[in-house]
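Let me begin by presenting the structure, written as structure tokens, before commenting on it.
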2 protein chains.
Amino acid sequence: MAINSLMEDFSSLDTSSLVDKVEAKLVQLLKDQKLNVGDSIPKELELAERLGVSRTVIREALLRLRVMGLIESKKKKGAVITSPDIFGIISKSVNPHILDQATLKEMFELRLILEIGMADFIFQRITPADIRELKKIVSKEPDATQDYLFNIEHEIAFHGKLYEITGNETLKKFQRMLLPVFDYVHHSGLLKKQVSIKRYVSHKGLVDIIENGSPEIFRNAMRNHLENHFSRLFE
Amino acid sequence: MAINSLMEDFSSLDTSSLVDKVEAKLVQLLKDQKLNVGDSIPKELELAERLGVSRTVIREALLRLRVMGLIESKKKKGAVITSPDIFGIISKSVNPHILDQATLKEMFELRLILEIGMADFIFQRITPADIRELKKIVSKEPDATQDYLFNIEHEIAFHGKLYEITGNETLKKFQRMLLPVFDYVHHSGLLKKQVSIKRYVSHKGLVDIIENGSPEIFRNAMRNHLENHFSRLFE
DNA sequence: GTTATGCATTATGTATGACTTAATAAAAAT
DNA sequence: ATTTTTATTAAGTCATACATAATGCATAAC
């Protein structure tokens with residue numbers, strides 16, 4: 001029993017640093033005081049005084065918030081609250097060369113999941129202008145013999161447009177984050193070799209379905225279109 | 001011509017702070033030198049000396065890397081490279097109270113996309129043990145009249161298990177990040193009121209399909225299962 | 001010989017004060 | 001009234017000192 005309570009004391013040992021605490025306090029300040037985007041928070045010195053720590057600590061804590069995209073600090077004006085662009089922030093820190101291989105492979109999979117799952121949003125929000133643009137992109141589709149880079153570019157243009165059609169900016173940013181990863185994984189030795197470059201449902205086929213089909217049909221078509229990628233994962 | 005070169009000067013105007021530059025240099029160091037996870041980078045003072053800036057600047061730059069999850073600094077041992085847990089990092093900064101409404105709604109949509117899109121991975125990687133567990137969860141399914149919190153808990157248990165089955169840890173972390181957002185959006189006035197709580201394909205129905213059906217069938221069933229959410233977005 | 005214990009060392013963490021720079025506001029000049 | 005100058009303010013940068021905690025080594029204990 002005595003040991004038990006001792007253990008509890010151990011587990012509840014506060015291992016967090018001063019900066020950690022200040023950071024938590026500041027985040028809570030943002031939450032509690034219902035501060036809106038654009039509002040400015042107290043000056044470094046004032047915070048330092050109020051929390052009874054040095055300006056150094058305050059600066060580090062504020063810096064963390066800044067890296068997380070919660071605030072933006074301007075000279076003279078102090079720090080103002082910003083609407084955090086999460087994926088903008090992290091896409092900066094998503095570096096295929098640094099991420100471990102397991103994570104990279106999982107992000108590769110994530111793309112496949114997204115493109116199959118987003119069918120309903122495409123059908124719900126597509127406009128005639130979108131369809132025209134898709135057709136324009138498809139009309140420029142290079143045949144397999146053409147320059148590799150040109151193929152990549154076309155891939156990105158087509159699939160990127162699909163993301164755009166969903167009208168979901170967060171999703172689009174997510175894709176932008178995934179792009180370099182996908183390319184990296186595709187060419188690294190991380191996956192099995194591409195067995196056959198059979199051509200499944202083409203981009204043109206997908207556009208036809210978008211125009212005349214349904215989300216259900218589109219999902220299966222997209223799944224088929226991505227078969228080359230899936231087979232490298234599953235077989 | 002003069003104007004042109006002037007413009008170039010403008011565009012290339014270096015607006016970045018000292019810390020920005022040091023940060024970039026450090027990231028490049030990680031990339032170039034092919035440093036592996038676990039390797040340690042030079043000490044603060046050494047970096048300060050080599051780059052000709054104060055330790056303060058170095059510390060700020062290192063702090064950024066730390067917030068991004070690229071390094072971890074230990075006393076005495078200096079900073080060591082870590083495998084960044086991206087979603088772990090951002091889920092810390094995903095705070096429904098701080099994110100703007102548009103982003104929140106988009107993240108709500110993101111969940112729907114994921115759960116429909118992940119069918120293939122479920123079917124590919126599911127084990128008999130998984131099916132048993134799913135059935136166990138379903139057997140405890142509360143009827144609609146029961147305690148609200150209990151329902152939520154059940155929802156999370158079931159859908160969380162599905163994510164787990166995909167074997168994609170990154171996806172799972174992503175879900176954990178989305179969870180509070182989803183709950184928040186569900187109850188805020190952000191979406192249209194839930195028109196009818198018709199019951200579509202049930203959890204039990206989904207399990208049956210997982211056992212005897214195919215990814216194609218599952219996708220449509222899941223789409224139907226989520227109809228209540230979709231209708232709040234689309235109608 | 002192996003295991004504790006204590007001590008010195010080292011690198012990050014925190015504190016303080018001074019100075020630089022840039023943005024804003026106030027004052028002065030036109 | 002508008003522009004220019006000046007002063008002020010708060011963040012950015014620097015230097016230094018000390019605190020704290022982890023590591024390794026030396027010594028002591030068994």
Side-chain angles (χ1 to χ4, degrees), chain A residues 9-27 29-30 33 35 37-82 84, chain B residues 9-27 29-30 33 35 37-82 84:
Chain A
D9 284 348
F10 273 178
S11 63
S12 67
L13 254 185
D14 188 3
T15 171
S16 64
S17 77
L18 238 184
V19 178
D20 289 330
K21 289 169 196 140
V22 172
E23 180 197 348
K25 257 208 147 54
L26 289 178
V27 170
L29 184 84
L30 301 196
Q33 311 232 333
L35 294 177
V37 171
D39 293 352
S40 60
I41 62 180
K43 322 303 168 198
E44 292 179 353
L45 278 172
E46 192 183 331
L47 286 171
E49 203 177 338
R50 267 168 54 178
L51 298 181
V53 296
S54 75
R55 189 182 156 216
T56 311
V57 171
I58 296 291
R59 274 187 67 78
E60 283 219 12
L62 286 179
L63 177 54
R64 290 190 190 177
L65 302 193
R66 214 161 58 213
V67 175
M68 295 192 295
L70 264 51
I71 64 172
E72 210 165 76
S73 40
K74 287 286 193 183
K75 298 192 179 186
K76 164 88 179 186
K77 201 61 191 223
V80 299
I81 300 182
T82 60
Chain B
D9 283 348
F10 273 178
S11 63
S12 67
L13 248 186
D14 192 1
T15 170
S16 64
S17 75
L18 236 184
V19 178
D20 290 328
K21 290 171 196 138
V22 172
E23 180 197 348
K25 258 208 146 55
L26 290 179
V27 170
L29 184 83
L30 300 197
Q33 311 232 334
L35 294 177
V37 171
D39 292 354
S40 60
I41 62 181
K43 320 306 168 196
E44 293 178 352
L45 277 173
E46 191 183 332
L47 286 171
E49 202 178 340
R50 267 168 52 179
L51 297 181
V53 295
S54 76
R55 190 181 154 214
T56 310
V57 172
I58 295 290
R59 273 188 68 76
E60 283 218 11
L62 286 178
L63 176 54
R64 290 190 189 176
L65 302 194
R66 217 161 55 213
V67 174
M68 295 192 295
L70 295 180
I71 64 172
E72 209 166 80
S73 41
K74 287 288 193 183
K75 295 192 181 190
K76 166 84 179 188
K77 202 62 191 217
V80 299
I81 300 183
T82 61

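A, B, ... follow the sequence lines: proteins, then strands. Residue 1 opens every chain. As the structure is a prediction and not an experimental result, all values here were calculated from the model. Values below: every heavy atom of this structure, side chains too, minus hydrogens, waters and symmetry copies.
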Practice prompt. Please round to the nearest 0.5 Å and tell me the distance separating atom CG of Leu26(A) and atom CG of Leu47(A).
Written response: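 Output value for this atom pair is 6.0 Å.
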
Fill in: Spatial distance of atom CD1 (Ile71(B)) from atom CD1 (Ile41(B)) [nearest 0.5 Å]
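These two atoms lie 4.5 Å from each other.
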
For [X] and [N], what is the distance between atoms [atom1] and [atom2] respectively, to the nearest whole Å?
{"X": "Leu18(A)", "N": "dA19(D)", "atom1": "CG", "atom2": "C1'", "answer": "11 Å"}
{"X": "Glu49(A)", "N": "dA15(C)", "atom1": "CD", "atom2": "P", "answer": "14 Å"}
{"X": "Ile58(A)", "N": "dT13(D)", "atom1": "CD1", "atom2": "P", "answer": "18 Å"}
{"X": "Asp20(B)", "N": "dA11(D)", "atom1": "CG", "atom2": "P", "answer": "17 Å"}
{"X": "Glu60(A)", "N": "dA11(D)", "atom1": "CD", "atom2": "P", "answer": "16 Å"}

Item to complete: Might you confirm whether atom NZ of Lys77(A) has over 12 heavy atoms from other residues, nucleotides or ligands at distances under 6.0 Å?
Response: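 Counting neighbours around NZ of Lys77(A), 12 or fewer heavy atoms of other residues, nucleotides or ligands fall under 6.0 Å, so no.
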
Worksheet item: Within a strict 4.5 Å, meaning less than it, do heavy atoms of the Val27(A) and Leu65(A) side chains meet?
Response: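 Yes - at least one pair of side-chain heavy atoms lies under 4.5 Å apart.
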
Item to complete: Measure from the side-chain heavy atoms of Val57(B) and tell me the nearest of dT14(C), dT13(D), dT16(C).
Response: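 Nearest nucleotide to the side chain: dT13(D).
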
Please list each protein N or O that sits under 3.5 Å from an N or O in nucleotides 9-12 of chain C, with the distance.
residue	atom	partner	partner atom	Å
dT9(C)	O2	Lys76(B)	NZ	3.4
dT10(C)	O4'	Lys76(B)	NZ	3.1
dA11(C)	O4'	Lys76(B)	O	3.2
dT12(C)	OP2	Glu44(B)	N	3.2

Item to complete: Output yes when a side-chain donor or acceptor of Thr82(A) lies under 3.5 Å from a complementary backbone atom of Gly69(A), and no otherwise.
Response: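 Indeed, once roles are kept as given, a pair shorter than 3.5 Å links the two residues.
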
Discussion item. I'd like to know if Ser54(B) reaches the base of dA15(D) with its side chain, counting only an N/O donor and acceptor under 3.5 Å.
Written reply: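 Checked by distance alone, the answer is no.
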
